[in-house]
Amino acid sequence: MLQELKRRDLPPVVTPGTTADNWQQRRREMIEILAREEYGFSPEPPDHVSAETTFLEERAWAGKAEHREIALKFPTPKGEFSFPVDLVIPYSDEKLPLFIYISFTKYPIGKYGPIEEIVDSGYALATFCYKDVTDDKDDDFSSGLAAMYPRENTGSAWGKISMWAWAASRVMDYVQTLDAIDKNRIFVVGHSRLGKTALWCGAQDPRFSAAVSNDSGCSGAAVSRGKEGERIRDIVTRFPHWFCENYRKYQDREEELPFDQHFLIASMAPRPVYVASAVEDLWADPKSEFLSCAAASSAYKLLGGRGLVSENHFPKPGDVFQEGEIGYHLRTGTHFLSRYDWQQFIKYMDRHFK
Ligand code: GTR
C-alpha cells in the first residue's frame with residue numbers, strides 16, 4: 001500500500017512549516033485551492049434564516065418521533081429564497097445527535113433512507129432534496145438558488161456541488177436554533193454526487209462535527225492521480241455544472257492538479273470523517289478512496305490523532321475500520337447507500353461521540 005501511495009505522488013497536506021498551531025491556516029489554504037480549482041467559491045451566508053412549518057405530524061414513525069416539514073427561508077441578492085426541509089426528531093429527554101442528509105429524493109427519501117432505524121438508534125434527521133435547491137442540470141445556472149446570486153465571470157464561480165453544500169449549511173443555521181439537538185453532534189451525510197457534496201460541506205463548515213461520504217468516488221473521496229473508473233475528463237464532460245470552470249483544465253492532466261482529493265478529507269481534521277466504498281463500485285474506485293484516507297491521515301497525526309487506523313494493505317470486502325478519526329468500510333455489492341452503510345455510520349458516531 002505504501003508503495004502504491006508513493007507511486008501516486010500526491011501533494012502533501014502537511015507542508016513544510018505546518019504545525020499543530022498553524023493548522024487552521026493550512027486548512028483554509030486547502031479549502032481555498034479546492035474552491036478556486038474545483039468546486040467554485042460560495043457566497044457569504046445570509047444574515048439570518050427563518051422557518052415556516054408547512055406540515056406537522058406529531059406521532060410519526062409509530063409515534064416515536066415528530067415529523068415536521070418546514071420552508072427554510074433566507075434573503076439573497078435577488079430576493080427571498082426558500083426550500084423545503086424535513087425534520088424527524090425522536091421523542092427524548094436528552095439532546096440528540098442529528099444527521100443532515102442531502103437526499104436525491106424528497107421525504108421519506110426512498111430506498112436510501114432507513115428512517116425508522118435512524119430514529120430507533122436515537123438519532124434525529126434533517127433532510128432535503130438537492131433538486132429543491134437547484135436542478136441537477138447544465139442549465140446555465142438558471143434554476144433555484146443558482147439564479148439568486150449574480151454570477152461572476154471567472155473560472156471559479158460556484159458550481160452546483162458548492163450550492164448543495166452551501167444549502168446544507170443553511171439547514172445547519174436553522175438546526176442551531178433547536179433545543180432538542182446536541183450542537184456538538186451534527187453530521188452531514190451524502191451518497192455518490194451528494195457524498196462529494198457532504199465532504200465539501202463538512203470541509204468548509206466547522207459546525208459539522210463529522211462528515212460522511214458514501215461511494216463518492218471521482219472528485220469526492222477518491223484521489224484523482226492514478227484513479228481507475230471515472231476520471232476528471234468523464235465527469236466534467238457529463239456533469240460540467242457540478243464544478244467551476246477551472247476544473248476542466250485538469251482533464252487528462254491529473255498530475256498537474258495543485259491538490260488531490262485527500263485535501264478534501266484532510267480539511268476535516270481534527271474532526272472525524274467517514275468514507276464508505278462498495279466492492280463492485282469500480283466507477284468510484286474503492287482503492288483510490290481508501291488511499292485518499294491513508295494520505296489524509298498525516299493531518300490528523302499532526303494534531304495528535306491517528307487518522308485512518310487499518311491494516312497495512314488494501315481492505316478486503318467486509319472490512320470495517322472505525323478506530324481512528326478517519327473511518328472506512330468496504331461493503332460487498334454495488335453502488336448504493338444501503339442499510340448496512342447507515343448502520344456503520346451510526347456505530348461509528350456512537351463510538352466517537354458518546
Ligand atoms: C455518476 C457519476 C459519479 C457519481 C454518480 C451518482 O454518473 O459519474 O461521479 O456521482 O453519478 O451521483 O450517482
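No experiment lies behind these values; they were computed from the predicted model shown. Counting starts at 1 for both ligands and their atoms, following the listed order.
Ranked by closest heavy atom to atom 9 (O) of ligand 1, the top entry among Arg238, Glu230, Arg193 is Glu230. Remark: among candidates Gly190, Ser192, Ser219, Cys218, the nearest residue to atom 4 (C) of ligand 1 is Ser192, based on non-hydrogen atoms.
Between Phe336 and ligand 1 there is no heavy-atom distance shorter than 4.0 Å. Using a 4.0 Å cutoff on heavy atoms, His191 does not count as a contact of ligand 1.
Each of Phe345, Phe208, Phe353 was evaluated against Phe187; a single residue qualifies, Phe353, per the ring pair (Phe, Tyr, Trp, His ring centres under 6.0 Å) test.
Lys316 NZ to Glu311 CD: the interatomic distance, rounded to the nearest 0.5 Å, is 4.5 Å. Rounding to the nearest 0.5 angstrom, the gap separating the CG atom in Leu302 from the CH2 atom in Trp23 is 7.0 Å.
When side chains are defined from C-beta on, Ser216 does not count as touching Ser192, because their heavy atoms never get closer than 4.5 Å.
Taking every heavy atom of Phe239 and a limit of under 4.0 angstrom, the matching atoms of ligand 1 come to 2 (C), 7 (O), 8 (O). Close approach of ligand 1 to His335 (heavy-atom distance below 4.0 Å) involves ligand atoms 13 (O). Applying the 4.0 Å criterion to heavy atoms of Ile235 picks out, from ligand 1, the atoms 9 (O). Residue Lys196 has at least one heavy-atom neighbour below 4.0 Å for each of these atoms of ligand 1: 3 (C), 4 (C), 9 (O), 10 (O).
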Exercise for the section: Test His329 against Asp341 for side-chain hydrogen bond (donor to acceptor under 3.5 Å, both in side chains), laying out the working first. Expected result: CA-CA 8 Å; His329 73 247; Asp341 296 315; 2.7 Å; yes

Practice task
Show your working on side-chain hydrogen bond (donor to acceptor under 3.5 Å, both in side chains) between Ser288 and Arg8 and close with a plain yes or no.
Solution key: CA-CA 10 Å; Ser288 293; Arg8 302 274 179 121; 2.8 Å; yes

